[in-house]
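Structure first, commentary second.
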Amino acid sequence: EMCIRDSVRTHLKKYAYFQTLLSKEPLDPEHFLTTPGEAGGVEQQVVELQGEPGDVVLMDLRLLHTLSTNTAKIPRLMVTQRYFRESTMH
């Protein structure tokens, strides 16, 4: 059975931009950070977020996201909170 992550990946790979981004081949990260792409008529751009200890990032969990290697000697903690419209809960 295919999980949601795999089905999203399969769908995204229909677009050349994501075929390259999701490839197992080595990438030039600078290219994706500086050169917008296109998928389905929508401009795509990789954005790197860097925070300081104590920073809070609010984002829609439907955004494609990943984490980078933790170079600190202490673990990073993450808390998620999801809000749903009452009309979607019935």
Side-chain angles (χ1 to χ4, degrees):
E1 183 175 312
M2 184 181 287
C3 72
I4 291 174
R5 186 187 76 212
D6 291 336
S7 67
V8 168
R9 183 178 291 266
T10 299
H11 176 74
L12 290 174
K13 284 188 172 183
K14 294 176 183 177
Y15 303 103
Y17 180 79
F18 287 107
Q19 287 173 8
T20 306
L21 184 63
L22 299 172
S23 170
K24 295 184 190 234
E25 299 300 317
L27 297 173
D28 173 14
E30 199 63 32
H31 170 76
F32 286 100
L33 291 168
T34 58
T35 308
E38 183 273 331
V42 177
E43 185 177 286
Q44 308 293 317
Q45 179 73 49
V46 172
V47 178
E48 182 177 28
L49 298 175
Q50 295 179 340
E52 298 296 326
D55 284 355
V56 174
V57 176
L58 302 175
M59 63 182 252
D60 188 320
L61 293 177
R62 294 173 292 182
L63 289 173
L64 298 177
H65 58 282
T66 188
L67 53 92
S68 61
T69 304
N70 184 6
T71 58
K73 294 182 181 181
I74 58 173
R76 290 187 285 205
L77 300 177
M78 182 175 131
V79 176
T80 62
Q81 179 64 48
R82 297 178 182 181
Y83 296 92
F84 298 95
R85 289 185 182 175
E86 187 174 342
S87 62
T88 64
M89 302 303 293
H90 301 288

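The basis for the numbers below is simple: all heavy atoms, side chains too, and nothing from hydrogens, waters or symmetry mates.
- To the nearest 0.5 Å, atom NE2 of residue His31 and atom OG1 of residue Thr20 are 7.0 Å apart.
- Checked against side-chain contact (heavy atoms from CB on, under 4.5 Å), Gln45 has the following partners two or more places apart in sequence or in another chain: Pro36, Val47.
- Phe18 is linked by a ring-ring contact (aromatic ring centres under 6.0 Å, His included) to nothing, counting only residues two or more places apart in sequence or in another chain.
- The nearest pair of heavy atoms linking Leu49 to Val57 is CD1-CG1, 4.1 Å.
- In this structure a side-chain-to-backbone donor-acceptor pair under 3.5 Å is missing from Glu52 to Asp55.
- To the nearest 0.5 angstrom, Arg9 atom CZ is 5.0 Å from Leu22 atom CG.
- Annotation: side chain of Val46 is in contact with side chain of Tyr17 (closest heavy-atom distance under 4.5 Å).
- Looking at Ser23, its side chain never comes within 3.5 Å of a backbone N or O of Gln19 through a donor-acceptor pair.
- Rounded to the nearest 0.5 Å, atoms CG (Leu27) and CZ (Phe32) are 5.5 Å apart.
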